[in-house]
> 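Quick one: this structure, given as structure tokens, is what I'll be asking you about.
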Amino acid sequence: MALQKPGIPKGTRDFSPAEIAGRELIFTTVRKIFQLHGYKPIETPAMESLSTLMGKYGEEGDRLIFRILNSGDFTSKVSEADWQQRDPGRLSAQICEKALRYDLTVPFARYVVQYQNDITFPFKRYQIQPVWRADRPQKGRYREFFQCDVDVVGSDSLLNEAEFLQIIDEVFSSLGIRVVIKFNNRKILAGIAQYIGFEDKLTDITIAIDKIEKIGLEKVNEELLERGLSQEAIGKLQPILQLSGSDEEKLQVLSSLLASSEVGMNGIEEIREVFAINALAPTACAVELDLTLARGLNYYTGAIIEVKALDAAMGSICGGGRYDDLTGIFGLQGVSGVGVSFGADRIYDVMKELGLFPQELGTFTKVLAVNFGQRERDYCLALLQKLRMRGVSCEMYPEPAKMKKQMQYADKNQIPFVVLAGESEMNQGLYSLKNMKTGEQLQLPAEELIKKVSTHI
RNA sequence: GUGGAUGUAGCUCAGUAGGUUAGAGCAUCAGAUUGUGGUUCUGAGGGUCGGGGGUUCGAGUCCCCUCUUCCACCCCA
């Protein structure tokens, strides 16, 4: 076989032990907090039926779904005419039955509908698994990445929205990341579209609003014109685009402008209520109303949430919202869901950049026993056995190699303690314990050594 | 999907107007030092110059294609 250059697909990564340690810290943190709020774990397969995924994420999303080619002779089912037509959408639907999941929310909706008779509603679940997107990789953008989703389905209560603000706050403060939570409501955006008389242009309007900070008011107006809005509608939009002041001031202006729009007023009410609940036990991080927060997956219908790190240039590290009709697509009507998704990989990148990972993360083994030969080795093996029974990670260097080599092994692996036992220790029934950080070394009997090592951890 | 940059040893990079056997630091391994690491000294291994094609007597260096990584747009975690 020809020599192959080792490598992995674009946008994917290998993780070293130290990186795993950092990721585990993130996973265990979110898992603990999710469980503290009563959420239960589920998992779903890496692949779903292509039809489950298609059409749920908008046109752009469909393009970014990784398809899985059917096994066997996938060509046989395609008609000659379809081959000739070369329509990618039509063809792929015929030769790909499966696809890698694009997010965790849609598979969750599928799960809820599929097991609706076994589920007690409201159903609170969390799910920590990788997802795949055929996007062009960039900083903080991968083709394989982990999402940590928490959702509740079967409850319309705005208490849920408020709870997610709490969860977000708890996660990021435990991790030591300073963040701001941006909050908005799709219903307000719908109200705005209604108010200016272009309900069908909701997407164009939201995209424009989203861009205002980036390209400025004038360019946004130009773009709106290009997208087919009338001059009059753009005029009516101006006070909204130029909204300023506190959240309450913004809401006041909006409620006078949108007075005639039922959805709009509804959205304003919802935001007020969530803010009111949040005020009972305010989050440490800022929560701000942000009308420019217009993006969000197609299926969001109410609240939209996005979290940004204050001290690092990174896209959103957590996002979510309410979706009223996602299970409806799979045949279960009248079940509303809300949830957020933490982007583990982006959170990792932010923490790395900010140096937020504790130094000890690189430590796996706590004690290394130096191997001086068979008799000494066996003498130490008994001690290691006892250490493990006390939950102390320890290992014996497998070869009677040179001392320097064994010490280097301990050093490189950030092992904090080394046990040495040779002729003199064995004669006294003792072990020498060396603290690699301080260099301090004492001779101790097994029990004392174990006590010393385990209290140190 | 659109536009722009990038690519030389495991890593960070040199490499002069195209001209013999492509260099450095760090890392790795070995020795100095057969019961003491992180410092030091000595030595060694390691490169089809991302891949393919072309121009040329001659290409790491110039041209084209492709891949990778990065940046912007789009979109998003």
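Quick note: numbers below take in every heavy atom, side chains included, and nothing from hydrogens, waters or symmetry partners.
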> Under 4.0 angstrom, heavy atoms only, what part of the nucleic acid is A:Cys148 near: base, sugar-phosphate, or nothing?
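A:Cys148: no heavy atom of the nucleic acid under 4.0 Å.
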> For A:Tyr102 and B:rC76, give me the distance from atom OH to atom P, rounded to whole Å.
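Going from OH in A:Tyr102 over to P in B:rC76 covers 7 Å.
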> When you compare B:rC26 with B:rA14, how far apart are their C1' atoms, in angstrom units rounded to a whole number?
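Taking atom C1' in both B:rC26 and B:rA14, they lie 14 Å apart.
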> Distance alone, cut at 3.5 Å: any donor-acceptor contact between the side chains of A:Arg125 and A:Gln127?
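Present: a donor and an acceptor within the cut-off.
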> Please test A:Gln129 against A:Gln147 for side chain to side chain contact (heavy atoms under 4.5 Å, CB included), starting from the C-alpha separation and ending with a verdict.
CA-CA 6 Å; A:Gln129 289 191 279; A:Gln147 290 194 322; over 6 Å; no
> Check the distance between B:rG37's C1' and A:Lys412's NZ and give it to me in whole angstrom.
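It is 9 Å, rounded to the nearest whole Å.
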> Name the closest nucleotide to the A:Gln147 side chain, picking from B:rA77, B:rC29, B:rC70.
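For the A:Gln147 side chain, the nearest candidate turns out to be B:rA77.
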> Establish whether the base of B:rC76 is bridged to the side chain of A:Arg133 by a donor-acceptor pair shorter than 3.5 Å.
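By the distance-only test, no, there is no pair.
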> Using a distance-only criterion (donor-acceptor N/O pair, under 3.5 Å, no hydrogens), is the base of B:rU69 paired with the side chain of A:Arg136?
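By the distance-only test, no, there is no pair.
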> Which one, B:rA72, B:rA77, B:rG35, comes nearest to the side chain of A:Phe145?
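Out of B:rA72, B:rA77, B:rG35, the nucleotide with an atom closest to A:Phe145's side chain is B:rA77.
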> Heavy atom of residues 403-411 of chain A under 4.0 Å from RNA chain B: which residues?
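Residues of residues 403-411 of chain A that come under 4.0 Å of RNA chain B are, in numerical order, A:Met403, A:Lys404, A:Lys405, A:Met407, A:Gln408, A:Asp411.
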> If the cut-off is 4.0 Å, is A:Lys434 near the phosphate of B:rU36, judged by side-chain N/O to OP1 or OP2?
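Answer no for this pair, as no side-chain N or O of A:Lys434 is under 4.0 Å from OP1 or OP2.
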> Using both distances under 3.5 Å as the test, list the Watson-Crick or G-U wobble partner of B:rU33, or none.
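In the structure as shown, B:rU33 has no Watson-Crick or wobble partner.
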> Measure from CE on A:Met426 to C1' on B:rG35 and round the result to the nearest Å.
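Rounded to whole Å, this separation is 13 Å.
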> Report which part of the nucleic acid A:Gly373 touches: base, sugar-phosphate, or nothing (heavy-atom distance under 4.0 Å, all strands).
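A:Gly373: no heavy atom of the nucleic acid under 4.0 Å.
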> Between atom CD1 in A:Ile415 and atom C1' in B:rG38, what is the gap in whole Å?
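It is 14 Å, rounded to the nearest whole Å.
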> Taking atom P of B:rC74 as reference, at what distance in whole Å does atom CD of A:Gln138 sit?
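Between P of B:rC74 and CD of A:Gln138: 11 Å.
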> What nucleotide among B:rU36, B:rC73, B:rU69 has an atom nearest to a side-chain atom of A:Lys10?
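Among the listed nucleotides, the one closest to the side chain of A:Lys10 is B:rU69.
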> Describe the nucleic acid contact of A:Gly422 in one word from base, sugar-phosphate, nothing, applying a heavy-atom distance below 4.0 Å.
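Base: the residue A:Gly422, judged by heavy atoms under 4.0 Å, touches a nucleobase.
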> Would you please indicate yes or no on a ring centroid separation below 6.0 angstrom for A:Phe372 and A:Tyr379?
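For A:Tyr379 and A:Phe372, the ring centres are not under 6.0 Å apart.
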> Near RNA chain B, under 4.0 Å by heavy atom, which residues of residues 162-172 of chain A?
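Those residues: none at all.
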> Rounded to whole Å, please give me the gap between CZ in A:Arg141 and C1' in B:rU69.
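From A:Arg141 CZ to B:rU69 C1': 15 Å.
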> With heavy atoms under 4.0 Å as the rule, sort A:Glu376 into base, sugar-phosphate or nothing.
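Nothing, no heavy atom under 4.0 Å.
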> Take atom C1' in B:rG52 and the same atom in B:rC13, then report the distance between them in whole Å.
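About 26 Å, rounded to a whole number of Å.
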> Using atom P in both nucleotides, what's the gap between B:rG54 and B:rU28 to the nearest angstrom?
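Each nucleotide's P atom is 42 Å from the other's.
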> Does the ring center of A:Tyr323 lie less than 6.0 Å from the ring center of A:Phe108?
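Aromatic pair excluded; centres sit 6.0 Å or further apart.
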> Map A:Gly320 and A:Phe372 onto RNA chain B by nearest heavy atom, then report which one ends up closer to the 5' terminus.
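Closer to the 5' end of RNA chain B: A:Phe372.
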> When we call it a touch if two heavy atoms are under 4.0 Å apart, what does A:Lys437 touch: a base, just sugar-phosphate, or nothing?
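It contacts base atoms.
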> Please report the distance separating the C1' of B:rU36 from the corresponding atom of B:rU48, rounded so that it comes out in whole Å.
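Those two atoms are separated by 45 Å.
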> May I ask you to verify whether the side chain of A:Glu425 and the base of B:rG35 hold a donor-acceptor pair under 3.5 Å?
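Counting by modelled atom types and ignoring angles, a donor-acceptor contact under 3.5 Å is found here.
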> Pick base, sugar-phosphate or nothing for A:Gly140, based on heavy-atom distances below 4.0 Å to the nucleic acid.
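The residue A:Gly140 makes base contact.
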> In whole angstrom, give the distance that lies between atom CE of A:Met436 and atom P of B:rG38.
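Between P of B:rG38 and CE of A:Met436: 9 Å.
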> Please give the distance between the C1' atoms of B:rC29 and B:rC76 as a whole number of Å.
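46 Å, rounded to whole Å.
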> Which base, if any, makes a Watson-Crick or G-U wobble pair with B:rG3, both distances under 3.5 Å?
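Paired with B:rC71.
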> Please work out if A:Gly58 contacts a base, only the sugar-phosphate, or nothing of the nucleic acid, heavy-atom cut-off 4.0 Å.
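No contact.
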> Please state whether the base of B:rC76 and the side chain of A:Arg346 form at least one donor-acceptor pair under 3.5 Å?
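Looking at the base of B:rC76, it does pair with a donor or acceptor on the side chain of A:Arg346 (distance under 3.5 Å).
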> Yes or no on side chain to side chain contact (heavy atoms under 4.5 Å, CB included) for A:Leu354 and A:Asp311, after CA distance, side-chain angles and deciding distance?
CA-CA 8 Å; A:Leu354 266 33; A:Asp311 306 310; 4.0 Å; yes
> Using the P atom on both, measure B:rU42 against B:rC67 and round to a whole Å.
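Those two atoms are separated by 47 Å.
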> Looking at B:rG31, I'd like to know if its phosphate oxygens (OP1 or OP2) sit under 4.0 Å from a side-chain N or O belonging to A:Lys402.
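For B:rG31, OP1 or OP2 has a side-chain N or O of A:Lys402 closer than 4.0 Å.
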> Using the P atom as the point on both nucleotides, what is the distance between B:rU56 and B:rA72, in whole Å?
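Looking at atom P only, B:rA72 and B:rU56 are 42 Å apart.
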> Less than 4.5 Å apart, any side-chain heavy atom of A:Glu48 and any of A:Lys98?
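In short, these two side chains do not touch, never coming nearer than 4.5 Å.
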> Taking the six-membered ring for Trp and the full ring for Phe, Tyr or His, determine whether the centres of A:Phe146 and A:Phe27 are under 6.0 Å apart.
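Centroid distance A:Phe146-A:Phe27: below 6.0 Å, so yes.
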> Is there a Watson-Crick or G-U wobble partner for B:rC49 with both distances under 3.5 Å, and which nucleotide is it?
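Result: none.
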> Do A:Asn413 side-chain atoms and A:Ile415 backbone N/O form a donor-acceptor pair below 3.5 Å?
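Side chain of A:Asn413 to backbone of A:Ile415, a donor-acceptor pair under 3.5 Å: no, none is there.
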> Looking at A:Asn371 and A:Tyr397, what are the two nearest heavy atoms and their distance?
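Nearest heavy atoms, A:Asn371 then A:Tyr397: ND2-O, 2.9 Å.
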> How many whole angstroms separate atom CZ of A:Arg13 from atom C1' of B:rA77?
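Nearest whole value for this atom pair: 11 Å.
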> With heavy atoms under 4.0 Å as the rule, sort A:Tyr142 into base, sugar-phosphate or nothing.
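Base contact.
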> Between B:rG58 and B:rG19, how many Å separate the two C1' atoms, rounded to a whole number?
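It comes out at 7 Å once rounded to the nearest Å.
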> Might you work through the side chain to side chain contact (heavy atoms under 4.5 Å, CB included) test for A:Leu289 and A:Phe183, ending with a clear yes or no?
CA-CA 5 Å; A:Leu289 172 64; A:Phe183 197 73; 5.6 Å; no
> Show the numbers, then the answer: is there a salt bridge (charged side-chain N to carboxylate O under 4.0 Å, His left out) between A:Asp345 and A:Arg23?
CA-CA 8 Å; A:Asp345 303 79; A:Arg23 295 167 63 82; 2.9 Å; yes
> Quick one about A:Ser49 and A:Glu97 (side-chain donor to acceptor, distance below 3.5 Å, no hydrogens or angles considered), yes or no?
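Their side chains do not contain a donor-acceptor pair, so the 3.5 Å distance test is not met.
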> Distance alone, cut at 3.5 Å: any donor-acceptor contact between the side chains of A:Gln35 and A:Arg31?
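The answer is no; no qualifying pair exists.
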> Using the closest heavy atom to pick a nucleotide of RNA chain B for each, name whichever of A:Ile317 or A:Pro9 lands nearer the 5' end.
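The residue whose closest nucleotide sits nearer the 5' end is A:Pro9.
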